[in-house]
Amino acid sequence: MCGIIGYVGDERKAMEVILDGLNKLEYRGYDSCGLAIIENDSIFIAKKSGKLENLKDFLKDKEERSFIGIGHTRWATHGNPSDENSHPHFSNDKRVAIVHNGIIENYLEIKAELIKDGCSFTSQTDSEVIAHLFSKYYIDDPITTILKVKERLRGSYAIGIIDRDNPEQIICTRKDSPLIIGVGKNKNFIASDVPAILKYTRNVIFLDNNEIAILKKDSVKVFNSFGVEITKDIIKIDWDMEQASKNGYPHFMLKEIEEQPSIVEKTLNTYTDNLGKINFNSSLNIDLSKIKEIYIVACGTAYHAGLQGAHFLKNISKIKADVDIASEFRYSDPFINENTLVIFISQSGETLDTLMAMKMSKSKGAQTLAITNVLGSSIAREADMVLYTTAGPEISVASTKAYTAQVTLLYLLAIYLGEKNGVVDNESYHSYLDIIYKLSNNIDLILKKKEEIKLISGFLKNKNDAFYIGRGIDSKCCQEGSLKMKEISYIHTEAFPAGELKHGTIALIEEGTPIIAIATQEDMVEKMLSNIKELKARGAYVIAITKERYTNIIEISDNFITFENIEDIIAPTVANIALQLLAYYTAVEKGVDVDKPRNLAKSVTVE
Ligand code: M6R
């Protein structure tokens, strides 16, 4: 989704900082970009559709003369990706320039009113109304003005504004879209996300909903929704540029896949103590005697992690757990109340549907727990309780390491709740922990099979369709494998419980149709064998992902990736690493932009 960066400092390098920040925000997904700087008492705007290179090219001969500016990467919602629709947007008097991330739901109504006032529009965006409103309402101080503007806006927004008549300051505010402030020495920043400013400072202020800030080169003032100045904590970011850079890897995705063994270990070290007990410290405060049901709510890959989590909760903690997609859950009027725990999973902590589903759950009295990777994110701040995954920054749009961190954490949570629930005794507590302690090593072993997996992707790259099949919890793993393949390789894939194929989809199987068959569950091996036979009889090319000891599956398949005989409950998490690599190498073979697949955004902050 859109990315915002702003700089005000004592050095004339606004363009350099903004272009560098936009570069760091590229991973969020965008289709156009632009910047606005103040120089010689006026605002200069440059904006281009397409890649950042276009903008850089356009600006290559421009002399650096500015101390202040804002920049934007746009992911089109209202109006196609074009130079005109790119941000920043001017007010008619060219007094202010604004950048916006989010959606102004009532922009048509405001636009009609502004046109009546004589205002002319240069874009089809919802965002442009903000520039005109700011200019229209400007009285004599920016806080009163922005409060008036906010009164008019419905929807979600993070906004950055520069004002020709107050050339020393950036004004910003947010509601349900992310915005942080970077606090430096004689330089301050606004940004959608930390990587954009990490080169300059690790000190960050997380703006809360409806707060407003005025940044000058040597001061940051934050105001609440009534315009009263407040004091905010400055948080030190504990990761560095190296973690947010490729570090010699050809793609962030491969780097992030390979980080997974150490991320599992980090999760276990973070949440277990030296007595071998799971320890969530004060982060978790669940009164289990009140909880009758657990929901897990998330989107995309995080939803798939939730499917594994629900399996753990049912099998280990013996607690009823349902999983739902956030964009469905929030409109489904679910039967939840103070006896429900709703767990929200989100890598970014900013996914709008997940955030809104959480707000709805809270309004119904449910207890809410966030599992997120981003400190100070909207979802973390909104939840009653938060558990952080310790995956470090995930830059590739395709989520890999965050998924594995989420699954590992959910596994620990299930043991923890199972003990509290009185169904996990001391012996099983430790044998469950022993299983998860083997995960890191098993992931390591499958990573060593990269070359084998690469060869299989050579076959897949020319295919238009592929089907993923499995039974039980493997079928949930198939959903994640299928999503990974389609989002980065653009091959059409579908995931099915294996037994469901003959109820329709088997009609699509013909000579050479690729089937990726996951078989990791002891009680399902025979059934999977029959399903594979049925598919092979119709010409399918079967790639099995299975344990070494399931030789009958291996023998009947055309190709296979095997791993050690790890316990069933965690085996799909190991199989998933093979699916990540398969998707990765297929995308590489096809020559597509692995880290920034078309049409996608890393952090989905609109509905
Ligand atoms: O930041 P979140 O975990 O809330 O994001 C949810 C999905 O948008 C995300 O997992 C998406 O499906 C990924 N692109 C999948 O790789």
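Residue numbers count from 1 along this sequence. Just follow the structure's listing: the first ligand is 1, and inside any ligand the first atom is 1. Since we're looking at a predicted model, the values are computed, not measured.
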Would you check if there is a donor-acceptor pair between the side chains of Tyr403 and Gln580 at a distance under 3.5 Å? no
Of all the heavy-atom pairs spanning His72 and Cys2, show the shortest one and how long it is. NE2-CB, 3.5 Å
Chain-and-number sorted residues having a heavy-atom contact under 4.0 Å with ligand 1 are Cys299, Gly300, Thr301, Ala302, Ser346, Gln347, Ser348, Thr351, Val397, Ala398, Ser399, Leu483, Lys484, Glu487, Val604
Answer whether the closest heavy-atom distance between the side chains of Gln308 and Leu410 falls below 4.5 Å. no
Measure the acute angle between the ring planes of Tyr584 and His251, then classify it against the limits of 30° and 60° as parallel, tilted or perpendicular. perpendicular
Would you call the rings of Phe344 and Phe329 parallel, tilted or perpendicular, taking 30° and 60° as the class edges? perpendicular
Between OG on residue Ser348 and CD on residue Glu394, distance to nearest 0.5 Å: 9.5 Å
